[in-house]
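Read through the structure below, which is laid out as structure tokens, and then see the notes.
Residue numbers start from 1 in every chain, and the chains themselves are labelled A, B, ... in the order their sequence lines are given, proteins ahead of strands. Just so we're clear, the structure is a prediction, and the values are computed from it rather than from any experiment.
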Amino acid sequence: MSTADTNVVKLADLPKPQDFRLSETEREDILHEISQYPEARAASIEALKIAQRRLGWVPDAAIAEVATLLGVSTAELDGVATFYNLIYRQPVGRHVITICDSVACYLTGYEATRDALIETLGIQPGQTTADGRFTLLPICCLGACDHGPVLMIGEDTHLDVTPDTVPAMLEAYE
Amino acid sequence: MSATDKTALTHPLTHSIAPDRAPLDFAGYQSVGGYTGLKKVLAGIAPTEVQAQVKEANLRGRGGAGFPTGVKWSFVPMGEDAPPLKYIVCNADEMEPGTFKDRLLMEAAPHQLVEGMIVSGYAIGASTGYIFLRGEYVLAARHLRAAIAEAREAGYIGNNIGGSGWDFDLHVHTGAGRYICGEETALLNSLEGRRANPRAKPPFPQVAGLWGRPTVVNNVETICNVPHIIAHGADWFRGLSQGKSEDGGTKLYGVSGKVKHPGVWELPIGSSGREILELAGGMKDGYQLKAWLPGGASTDFLLPEHLDVPMDYGSIGKAGSRLGTGLMTVLDDQASLLGTLVNLEIFFARESCGWCTPCRDGLPWTVKILQALESGEGEPGDIEMLESMTSDLWMGKTFCAHAPGAMEPLQSAIKFFRPEFEAGIRAAGRSDHGRGDSDVRAA
């Protein structure tokens, strides 16, 4: 078999679209957001956040459904979803750890904290732990430069994080 | 300076902020003079007169560019022929690395921003205001939404506010993270639900902004100053700088990096870097100040010899940098200069929106060269290439100010610390890899 043949991906082998339908509540929440603006598409980020709540990320089927509600094409909404840091188009762990890698945290030693996270979790930035508990991602300046290094776990901001405080900090997240 | 020294007349932006940052509710904010500016406006000051007072106060935009706020407002069509829908937008997308001032104002004094938004909206005849808040500021969103609900209940948001005949609605719009959303026109695209690519100017947002309507975009700190100007007058506001600057007002200044007590303080605009560094207790023991960014990642480095320059737009500009957001990031003598630049340029490369080629392709190239220099693998000509980047990615050659902002720390680092760049260039024949070695092997 030639090298070219091994690189061929058969259509049957491609991942199947996920089975995902917005719940009535999610649909109503999105329609409420749309009603807040003169044009429906202005609610796109908020709608994507609503669609993301249940799984922690946004599957293709949700993109299609939300796009219909917003009156934009699937491609357009996917373009929006993939542009922003806080919308995830791939599965993530139950808790997303976003660690600030900007200059003030760099100067106060965020790399040691990041390395402690890598060691404790056994994953690299961009990856998810095998038990689906944590995903580790870099993020822009979190605006708490007087307390660097800074990171967020879900919606919780953690200040003055050091390698020593990493294990205890993680324990609170099941 | 203790918290008790602060009054509404000396520290308008922070006097109401408690040491634990717990925000005042509507009644509490009113009890320290809150909503005085709005009440004064509603009692019968015409919108154009509010604009005139802000112009007279010499308030310059606190988001980084320093454009005079009253002048910006004056470009908005006013009067009976003006479009019926106009918008006031607060840029609360604080993502400039090294900047942490607006978070304080929104988390700890949300009613101040709400009052500022209402007064600023009145000044330009806006029908609706949006606070474009970065998604990560969860606490700020909660506090602002609570403050908006209270102000609505008090009749300061809604129809026929204070019997003035003016209707105004106010919303918090949370983003989902991208630095470019802080760029005025990219922010408008993001608010409309699009990718946050910048728009071409003209037309300027004041004429055709959100949904094509006249729109003013102002920073959080800028808007927070507005009600105080109306409450106490333009002369008072200009006097707040205590002769340290031609600009008016106080400014939130701060320091991060290896200093003893990093933090943020409200000082007369034009205070010096040295005064701010002293409030931070100076450098940590064992560290010396090597250089500093006066106001975020997109400003040029300054040296210790610049510490006495007044931190205002004009003076810092003359010293070769920009005031930016006014929050100092200090580079200590033990930090790697090239490592810091790699960090800065990776940030800018990652956050490029990709709209224009010089930025999308130039910034990763800059990172590649700097990484080579950092690891001692630089090639002869690399420094000259970086220098040409600082010109080729400059204003007028890119679509917006993102890439030029990325070039500011780089160009100043080459200017002040060229030997450190030269030390990163691989000595001829030292390595087995790369161009140049083939000639050696061939011989």
Side-chain angles (χ1 to χ4, degrees), chain A residues 33-34 36-49 52 58 66-67 70-72 76-88 98 100-111 137-148 150-152 154-157 159-160, chain B residues 85 94-104 128 134-139 171 173-179 181 190-197 210-211 213 254-259 261-264 280 293 296-297 327 329-332 335 339-340 343-344 346-347 350-351 353-354 409:
Chain A
E33 286 301 327
I34 289 172
Q36 303 295 300
Y37 297 94
E39 286 184 15
R41 72 185 305 156
S44 65
I45 285 176
E46 213 49 50
L48 287 166
K49 285 182 185 173
Q52 183 166 273
V58 184
V66 173
L70 294 170
V72 299
E76 269 181 294
L77 187 63
D78 199 22
V80 171
T82 53
F83 189 86
Y84 296 101
N85 299 332
L86 301 180
I87 305 296
Y88 307 122
T98 43
C100 171
D101 62 0
S102 297
V103 65
C105 285
Y106 170 79
L107 290 167
T108 49
Y110 97 92
E111 287 169 315
L137 297 172
I139 203 158
C140 300
C141 182
L142 286 169
C145 314
D146 47 345
H147 289 286
V150 183
L151 56 79
M152 291 184 81
E155 294 196 336
D156 306 333
T157 304
L159 310 172
D160 303 305
Chain B
L85 293 176
E94 186 170 71
M95 288 177 87
E96 173 84 359
T99 300
F100 49 105
K101 64 186 180 69
D102 295 341
R103 178 196 273 268
L104 171 73
T128 308
R134 65 179 296 185
E136 294 90 340
Y137 278 15
V138 180
L139 191 63
H171 302 279
H173 176 101
T174 61
R178 273 311 281 266
Y179 173 70
C181 293
S190 185
L191 187 42
E192 289 183 6
R194 303 168 197 277
R195 289 168 77 96
N197 299 125
L210 201 54
W211 298 296
R213 310 286 182 174
V255 197
S256 64
K258 289 276 193 332
V259 295
H261 310 295
V264 55
L293 299 164
L327 283 289
T329 309
V330 301
L331 179 73
D332 59 87
T340 305
N343 174 278
L344 287 164
I346 284 178
F347 164 79
R350 187 177 74 193
E351 292 302 318
C353 79

Distance (rounded to the nearest 0.5 Å) between [X] [atom1] and [Y] [atom2]:
X	Y	atom1	atom2	value
Tyr106(A)	Leu344(B)	OH	CG	9.5 Å
Arg350(B)	Ile139(A)	CZ	CD1	8.0 Å
Ile45(A)	Arg194(B)	CD1	CZ	12.5 Å
Asp332(B)	Leu107(A)	CG	CG	6.5 Å
Glu94(B)	Cys141(A)	CD	SG	7.5 Å
Asp146(A)	Lys101(B)	CG	NZ	14.0 Å

Which region of [X], side chain (C-beta onward) or backbone (N, CA, C, O), has a non-hydrogen atom less than 4.5 Å from a non-hydrogen atom of chain A, or is it both or neither?
X	answer
Val330(B)	backbone
Ala196(B)	both
Thr99(B)	backbone
Glu136(B)	both
Arg178(B)	both
Cys181(B)	side chain
Ser190(B)	both
Glu351(B)	side chain

Next item on the list: Decide yes or no on side-chain contact (heavy atoms from CB on, under 4.5 Å) for Leu142(A) and Arg134(B), but give the supporting numbers first.
Entry: CA-CA 10 Å; Leu142(A) 286 169; Arg134(B) 65 179 296 185; 3.9 Å; yes
Check: By a 4.5 Å heavy-atom criterion (distance strictly below it), what part of Asp156(A) contacts chain B: side chain, backbone, both, or neither?
Finding: neither
Next item on the list: Could you tell me which portion of Gln36(A) (side chain, backbone, both or neither) has an atom closer than 4.5 angstrom to a non-hydrogen atom of chain B?
Entry: both
Considering all heavy atoms of both residues, which atom of [X] and which atom of [Y] are nearest to each other, and what is their separation?
X	Y	value
Phe100(B)	Cys145(A)	CD2-CB, 3.4 Å
Ser102(A)	Phe347(B)	OG-CD1, 4.1 Å
Gly143(A)	Tyr137(B)	CA-OH, 3.3 Å

Check: In this structure, are over 12 heavy atoms from other groups packed under 6.0 Å from Glu155(A) atom CD?
Finding: no
Contact winner vs chain A - [options], heavy-atom pairs under 4.5 Å:
options	answer
Glu192(B), Met95(B), His171(B)	Glu192(B)
Gly263(B), Gly339(B), Gly296(B)	Gly339(B)
Ala280(B), Ala335(B), Gly98(B)	Gly98(B)

Check: Do you know which of Ser44(A), Ala104(A), Gly79(A), Pro138(A) has the most heavy-atom pairs under 4.5 Å to chain B?
Finding: Gly79(A)
Margin query: Please rank Ala144(A), Cys100(A), Gly109(A) by heavy-atom pairs under 4.5 Å with chain B and give me the top one.
Written below: Ala144(A)
